[in-house]
Amino acid sequence: ASTSDNLSSIVDGVTNNSSDTNARWTNYNNRNTSDTASITFTWATAQLISSANLYYFTDNYSAALPADVTFEYSLNGTDFTNIGYQDVTPTAGFTKTEYVFDQVINPVALRITFTEQSGHCVGLTEAEIMTYAGKVEVNTSADLSGITVDGTAVSGFDADTLAYTA
């Protein structure tokens, strides 16, 4: 699939420069051949992610807000699972549109798929993938406190016993 403008521009920290085609990304070249456009972010190690901020580029010619946006994450870089997000209406004018996920995820890849409005392309000036900044529960001990098999507790459990037989 061909792209238009500059894909690397959506991770350069600039959110508001649409006059420079190197400072935005659109799928203009594919607007009439595909109903969707996808961008996948990948990392060498898993990231704890809670949301994504997208800054949309629109114009009076072809770039319009997407009709729909979906997010999928992958724990292995190959298999993707859909992740929902809180209801949000995309905004134009280089304003941040924040997509807060229904749950914190820990992927090695995040795919964003845009469904285009008919005859239009989708454009971004920036994409920010936000790491989770909340509190993570820390256990005070790694001691085993019980064993269950198919939801049933093993009777006679003893933390000092290292093997059980059926």
Side-chain angles (χ1 to χ4, degrees), residues 1-138 150-151:
S2 62
T3 60
S4 302
D5 306 318
N6 186 345
L7 185 57
S8 64
S9 68
I10 67 168
V11 293
D12 66 0
V14 177
T15 62
N16 64 354
N17 188 353
S18 68
S19 60
D20 179 359
T21 58
N22 288 318
R24 66 177 183 228
W25 166 86
T26 70
N27 67 323
Y28 178 81
N29 291 342
N30 289 355
R31 74 189 184 287
N32 295 318
T33 59
S34 177
D35 294 336
T36 62
S38 294
I39 299 173
T40 304
F41 294 86
T42 58
W43 300 274
T45 59
Q47 303 295 308
L48 202 56
I49 298 172
S50 60
S51 63
N53 299 330
L54 302 180
Y55 295 80
Y56 290 103
F57 164 73
T58 59
D59 62 17
N60 294 325
Y61 175 65
S62 63
L65 292 172
D68 189 43
V69 180
T70 59
F71 292 87
E72 298 169 287
Y73 68 95
S74 176
L75 303 177
N76 61 14
T78 304
D79 304 310
F80 284 83
T81 302
N82 191 51
I83 180 72
Y85 54 86
Q86 295 175 8
D87 191 29
V88 64
T89 301
T91 55
F94 317 113
T95 303
K96 174 175 72 174
T97 300
E98 183 178 18
Y99 295 87
V100 178
F101 300 141
D102 290 344
Q103 64 191 46
V104 176
I105 55 176
N106 196 25
V108 296
L110 179 70
R111 180 167 53 208
I112 308 169
T113 301
F114 305 96
T115 302
E116 304 158 4
Q117 294 186 38
S118 180
H120 292 276
C121 65
V122 174
L124 293 173
T125 59
E126 191 70 15
E128 301 170 332
I129 309 305
M130 307 306 290
T131 55
Y132 179 64
K135 194 176 208 180
V136 176
E137 182 179 331
V138 177
D150 294 328

Set of side-chain hydrogen bond (donor to acceptor under 3.5 Å, both in side chains) partners for Thr81, sequence neighbours left out: none
How far does CH2 of Trp25 sit from CD of Glu126, to the nearest 0.5 angstrom? 13.5 Å
Kindly state each residue pair satisfying salt bridge (charged side-chain N to carboxylate O under 4.0 Å, His left out) with at least one member in residues 39-65, sequence neighbours excluded. none
Would you indicate whether Asp12, at its atom CG, is surrounded by more than 12 heavy atoms from other residues, nucleotides or ligands within a distance under 6.0 Å? yes
If you look only at distance, which donor and acceptor atoms sit under 3.5 Å apart when one is on a side chain in residues 63-73 and the other is two or more places apart or in another chain?
from: Glu72; atom 1: OE1; to: Arg111; atom 2: NE; distance (Å): 2.9
from: Glu72; atom 1: OE1; to: Arg111; atom 2: NH2; distance (Å): 3.2

Between the main-chain N or O of Phe101 and the side-chain N or O of Gln103, is there a donor-acceptor pair closer than 3.5 Å? no
pair Asn27-Glu116: side-chain heavy atoms closer than 4.5 Å: yes
Heavy-atom check, side chain of Tyr99 versus side chain of Ile83, under 4.5 Å: no
Check whether any side-chain heavy atom of Pro107 sits under 4.5 Å from a side-chain heavy atom of Ile49, and report yes or no. yes
If we ignore hydrogens and angles and just use 3.5 Å, is the side chain of Glu98 paired with the main-chain N or O of Asn53 as donor and acceptor? no
Heavy-atom check, side chain of Ile10 versus side chain of Tyr55, under 4.5 Å: no
When rounded to the nearest 0.5 Å, the distance separating OH of Tyr28 from CZ of Phe57 is 11.0 Å
So, Ser9 side chain and Arg24 main chain: donor-acceptor pair closer than 3.5 Å or not? yes
Does the Thr131 side chain pair with the main chain of Leu48, one donor and one acceptor, at a distance under 3.5 Å? no
